[in-house]
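Worksheet: the structure to be examined is printed underneath.
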Amino acid sequence: LADIRTLRALYQAQVLIPADAAVLRHKSSGDLLDKVSLYQGDITKLEVDAIVNAANRSLLGGGGVDGAIHAAAGRGLLEECYSLNGCDTGDAKMTKGYNLPARHVIHAVGPIYSEPRAKQKSEQLASCYSRSLDIAAQHSLKSIAFPSISTGIYGYPIKDATHVAINEVRHFLDARSNDLDRVIFVVWSDDDKEVYRDLLPLYFPLD
Ligand code: AR6
């Protein structure tokens, strides 16, 4: 059902997953589900169990995708966020989705990039993905959509961030039992889409 809802939302948004390369079979899963997708467009339109927010430590909103999510979700989201007492960098906390088509929002706090501390930053970024997936697994969620965390206002180089993001998802799907049958990487720009298209097959080989 989650799959059907997701696809319906994709068609409603009129941004289709390109048939040529974007839907990749999760090779080692042993089943026939297409678990990992690339989607270009507005994450706030996706009717999935959870969308991930690229939040800041206050969890009280901001610009970028955070601003878009709060604007679309409405005041209830901000009120629940006030009760969470912020969130550490590399960690994540879940709320309801309020006026969003998504049932939940997982607010992950990515690192602000700085080159001299690139290793620490990559660990914190990886942790955003793994913590979000942990929370999804704990709540038996079936579908989750990630924006490209830290690569906008927080300045993380898109190629490096995309390696971290895809590697972490691959690792999680291989290592942890979970109910997820769809993980969607959401990109906004054409350039970012090309990066994901290039790198996804390295972690999720088509065959
Ligand atoms: N749907 C999908 N992706 C989007 C959308 C959208 N509606 N809007 C932007 N993006 P950013 P960060 C992409 O800056 O770098 C906020 O103020 C965007 O093109 O939103 O983690 C927070 O409160 C980029 O590829 O997040 C924090 O203070 C990606 O989302 C800070 O920004 C992430 O860009 C977090 O910065």
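Read the numbers this way: they start at 1 and go in the same order the structure lists the ligands and their atoms.
The parts of Y154 lying near ligand 1 are both backbone and side chain, judged by heavy-atom distances below 4.0 Å.
Every atom of ligand 1 with a heavy atom of D42 under 4.0 Å away is listed here by number and element: 1 (N), 6 (C), 7 (N). Which parts of ligand 1 touch D192 is read off a 4.0 Å heavy-atom cut-off, strictly below it: atoms 25 (O). Within ligand 1, counting atoms from 1 as listed, the ones closer than 4.0 Å to a heavy atom of G62 are 17 (O), 23 (O). Atoms of ligand 1 found under 4.0 Å from any heavy atom of D66 (numbered from 1 in listed order, with element): 22 (C), 23 (O). The ligand atoms of ligand 1 that sit less than 4.0 angstrom from a heavy atom of T151 are 15 (O), 24 (C), 25 (O). Residue contact check: G63 has heavy atoms under 4.0 Å from atoms 16 (C), 17 (O) of ligand 1.
By heavy-atom distance, the residue among A161, G152, A145 lying nearest atom 15 (O) of ligand 1 is G152. One option in V187, I153, V109 has a heavy atom closer to atom 14 (O) of ligand 1 than any other, and that option is I153. The heavy atom nearest to atom 33 (C) of ligand 1, out of those in S148, C128, A54, is found in S148. Which of A55, G41, A68, P147 comes nearest to atom 2 (C) of ligand 1 through a heavy atom is settled by distance: it is G41.
For the side-chain contact (heavy atoms from CB on, under 4.5 Å) with I43, the lone residue among I184, I69, N53, V52 that qualifies is I69.
Across all their heavy atoms, A92 and C87 have their closest contact at N-SG, 3.6 Å. Residues L125 and I149 come closest through the heavy atom pair CD1-O, 3.6 Å. When all heavy atoms are compared, the tightest approach of K121 to S114 is CE-OG, 3.7 Å. In terms of heavy atoms, V48 sits closest to A145 at CG2-CB, 4.3 Å. Residues S148 and I158 approach most closely at OG-CD1, 3.4 Å, considering heavy atoms.
Under the salt bridge (Lys or Arg N to Asp or Glu O under 4.0 Å) criterion, the residue pairs touching residues 66-85 are R75-E79, with sequence neighbours excluded. Legend: salt bridge (Lys or Arg N to Asp or Glu O under 4.0 Å) pairs involving residues 127-136, not counting sequence neighbours, sorted by first then second residue: D91-R131, R131-D134, D134-R176.
Ring centroids of Y196 and F185 are separated by less than 6.0 Å, placing the two rings close together.
Counting only heavy atoms of the protein, atom 30 (O) of ligand 1 lies nearest to V65 CB, 4.0 Å. Scanning the protein for heavy atoms near atom 18 (C) of ligand 1, the closest one is W188 CB, 4.4 Å. The protein heavy-atom contact nearest to atom 1 (N) of ligand 1 is I43 N, 3.0 Å.
Considering both main-chain and side-chain atoms, S150 comes within under 3.5 Å of ligand 1 through a nitrogen or oxygen pair. Taking distance alone, with nitrogen or oxygen atoms compared against 3.5 Å, V186 stays at or beyond that limit from ligand 1.
Between R103 and D49 a salt bridge is recorded (basic side-chain N to carboxylate O distance below 4.0 Å).
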